[in-house]
Asks: 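Got a structure for you, written out below as structure tokens; questions coming shortly.
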Amino acid sequence: MSRRTLATIAAVAIGVLATAFAVSRIDTAVRKLALPLNHAEVIREQAAEKHINPALIAAVIYAESKFDPRPSTAGAEGLMQILPDTARFIAHLSGGTRFVASDLATPSINVAYGSYYLRYLLDHYDGDEMLALAAYNAGLANVDSWVAHAGAAGRRLTMDAIPFTETRAYVRRVLDAQRAYRLTYPRELGLQ
């Protein structure tokens, strides 16, 4: 092979590698735009403290508020969209005595309360993420009722058997987002 042929092959190889690198960088940037992550340090801290996968907390935040903490029409507040009544329940469970509803606007407090409640639900359902997420969305009483009905029929409650369409979609959205957060932000979430 001549030098000219070798130089052409080397130039093409370098061009292919540079293009692949650029496409990879663009793909990562697009995924990060579509899947935002803010307050990663707070998420990591709460995940460690509450023994929850940080990608799950990020996914709940994504499903609840897409990291935009404006109040919902139902009155839920903050990143994890916690209702003031639920927050009072969490404060009571956790021994908090100084809770005021306006605290839910503070990201660190909101994520702490939401993570505490998520841990409570995970414990209540023996670590079953699907059931815990369904309860985060539809309420503990609803999910307990669905689980009891399924148990009375000799089966487990599956995602497809969740009676509320919105809750079924919510659980799928969070579980899909959890996988995406693991892939997109392993370093930021402390998963590496």
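Everything quoted here is computed from the prediction, not taken from an experiment.
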Asks: At what distance, to the nearest 0.5 angstrom, does CD of Glu129 lie from CG of Leu56?
Replies: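 If I round to the nearest 0.5 Å, the distance is 5.0 Å.
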Asks: Quick one: does Thr184's side chain have a donor or acceptor within less than 3.5 Å of a partner on Ala180's backbone?
Replies: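 Such a contact is found between Thr184 side chain and Ala180 backbone.
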Asks: Quick one: do Asp128 and Arg156 make a salt bridge, cutoff under 4.0 Å?
Replies: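 Yes, charged N to carboxylate O under 4.0 Å.
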Asks: Quick check: closest heavy atoms across Ala34 and Tyr62, and the distance to 0.1 Å?
Replies: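 Smallest interatomic distance, heavy atoms only, reads O-OH, 3.5 Å.
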Asks: Grab the two heavy atoms, one from Gln81 and one from Asn110, that are nearest each other, plus how far apart they are.
Replies: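 Looks like N-OD1, 4.2 Å.
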Asks: Determine, stepwise, if the pair Leu104 / Leu83 fulfils side-chain contact (heavy atoms from CB on, under 4.5 Å).
Replies: CA-CA 9 Å; Leu104 293 175; Leu83 290 167; over 6 Å; no
Asks: How long is the span from the CE atom in Met130 to the OG1 atom in Thr167, to the nearest 0.5 Å?
Replies: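 The CE atom of Met130 sits 11.5 Å away from the OG1 atom of Thr167.
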Asks: Testing the basics here: between Pro107 and Val42, what is the closest heavy-atom pair and its distance to 0.1 Å?
Replies: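 Looking at all heavy atoms of both residues, the closest pair is O-CG1, 4.4 Å.
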Asks: So which atom in Pro54 and which in Ile43 form the shortest heavy-atom distance, rounded to 0.1 Å?
Replies: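 Looking at all heavy atoms of both residues, the shortest contact is O-CG2, 3.5 Å.
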Asks: Quick one: CG on Leu118 to CE on Met80, what's the gap to the nearest 0.5 Å?
Replies: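 Between atom CG of Leu118 and atom CE of Met80 there are 5.5 Å.
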Asks: For side-chain contact (heavy atoms from CB on, under 4.5 Å), just list the numbers for Leu37 and Glu188, CA-CA rounded to whole Å, side-chain angles, deciding distance to a tenth of an Å, and then say yes or no.
Replies: CA-CA 9 Å; Leu37 178 68; Glu188 293 90 335; 3.7 Å; yes
Asks: Over 60° means perpendicular and under 30° means parallel, so classify the ring planes of Phe67 and Tyr181, tilted if in between.
Replies: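 Tyr181 vs Phe67 ring planes: tilted.
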Asks: Check step by step if side-chain contact (heavy atoms from CB on, under 4.5 Å) holds for Leu79 and Val60.
Replies: CA-CA 9 Å; Leu79 293 170; Val60 169; over 6 Å; no
Asks: Mind listing the closest non-hydrogen atom pair of Arg88 and Ala101 along with its distance?
Replies: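 The answer is NH1-CB, 4.4 Å.
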Asks: Taking all non-hydrogen atoms of both residues into account, name the closest pair between Gly190 and Arg44 and its distance.
Replies: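 Where Gly190 meets Arg44 most closely, the heavy atoms are N-CD, 3.7 Å.
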Asks: For the pair Arg168 (side chain) and Ala161 (backbone), establish whether a donor and an acceptor sit closer than 3.5 Å, ignoring hydrogens and angles.
Replies: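 It does not hold such a pair.
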Asks: Between Asp103 and Val100 (side chain of the first, backbone of the second, donor and acceptor by atom type, cut-off under 3.5 Å), is there such a pair?
Replies: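 Yes; judged by distance alone, with no hydrogens or angles, the pair exists.
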Asks: Report the C-alpha separation of Trp146 and Leu131 in whole Å, then their side-chain angles, then the decisive distance to 0.1 Å, and conclude whether the side-chain contact (heavy atoms from CB on, under 4.5 Å) test is met.
Replies: CA-CA 10 Å; Trp146 303 338; Leu131 295 176; over 6 Å; no
Asks: For the aromatic rings, using the six-membered ring if either is Trp, is the centroid distance between Tyr125 and Tyr120 under 6.0 Å?
Replies: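 No, too far apart.
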Asks: Kindly compute the distance separating CD1 (Ile52) from CD (Gln46), expressed to the nearest 0.5 Å.
Replies: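 Interatomic distance, Ile52 CD1 to Gln46 CD, rounded to 0.5 Å: 8.5 Å.
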Asks: Does the side chain of Asp144 come within less than 4.5 Å of His124's, by heavy atoms?
Replies: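 They are in side-chain contact.
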Asks: When you look at Arg172 and Asp160, which way does the salt bridge (Lys or Arg N to Asp or Glu O under 4.0 Å) test go after all the steps?
Replies: CA-CA 10 Å; Arg172 281 193 181 103; Asp160 290 333; 2.3 Å; yes
Asks: Is the closest side-chain heavy-atom distance between Ile82 and Glu77 below 4.5 Å?
Replies: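 Not touching, per the 4.5 Å side-chain cut-off.
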Asks: Backbone N or O of Ala141 within a donor-acceptor pair of the Ser145 side chain at under 3.5 Å?
Replies: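 No.
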Asks: What distance do Glu45 atom CD and Ser115 atom OG have between them, rounded to the nearest 0.5 Å?
Replies: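 Going from the CD atom of Glu45 to the OG atom of Ser115 covers 10.5 Å.
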Asks: Calculate, to the nearest 0.5 Å, the distance between atoms CG and CG belonging to Leu189 and Asn53 respectively.
Replies: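 Nearest 0.5 Å value for the CG-CG distance: 8.0 Å.
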Asks: Can you check whether Gly78's main-chain N or O pairs, donor with acceptor, with Glu64's side chain at less than 3.5 Å?
Replies: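 No, the answer is negative, given that no donor and acceptor are paired below the 3.5 Å cut-off.
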Asks: Tell me the ring-ring contact (aromatic ring centres under 6.0 Å, His included) pairs involving residues 93-118, sequence neighbours left out?
Replies: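 Only Phe99-Tyr113, Tyr117-Tyr136 qualify under ring-ring contact (aromatic ring centres under 6.0 Å, His included).
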Asks: Between Ser72 and Gly75, is there a donor-acceptor pair closer than 3.5 Å when you use the side chain of the first and the backbone of the second?
Replies: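 Yes; at least one donor-acceptor contact below 3.5 Å.
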Asks: Salt bridge check, Arg179 against Asp176: does any charged N sit closer than 4.0 Å to a carboxylate O?
Replies: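 Result for this pair is yes, salt bridge flagged.
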Asks: Do Leu175 and Val143 sit in the same hydrophobic cluster, where Ile, Leu, Val, Met, Phe, Trp and Tyr count as joined when their side-chain heavy atoms come under 4.5 Å apart?
Replies: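 Yes, same cluster.
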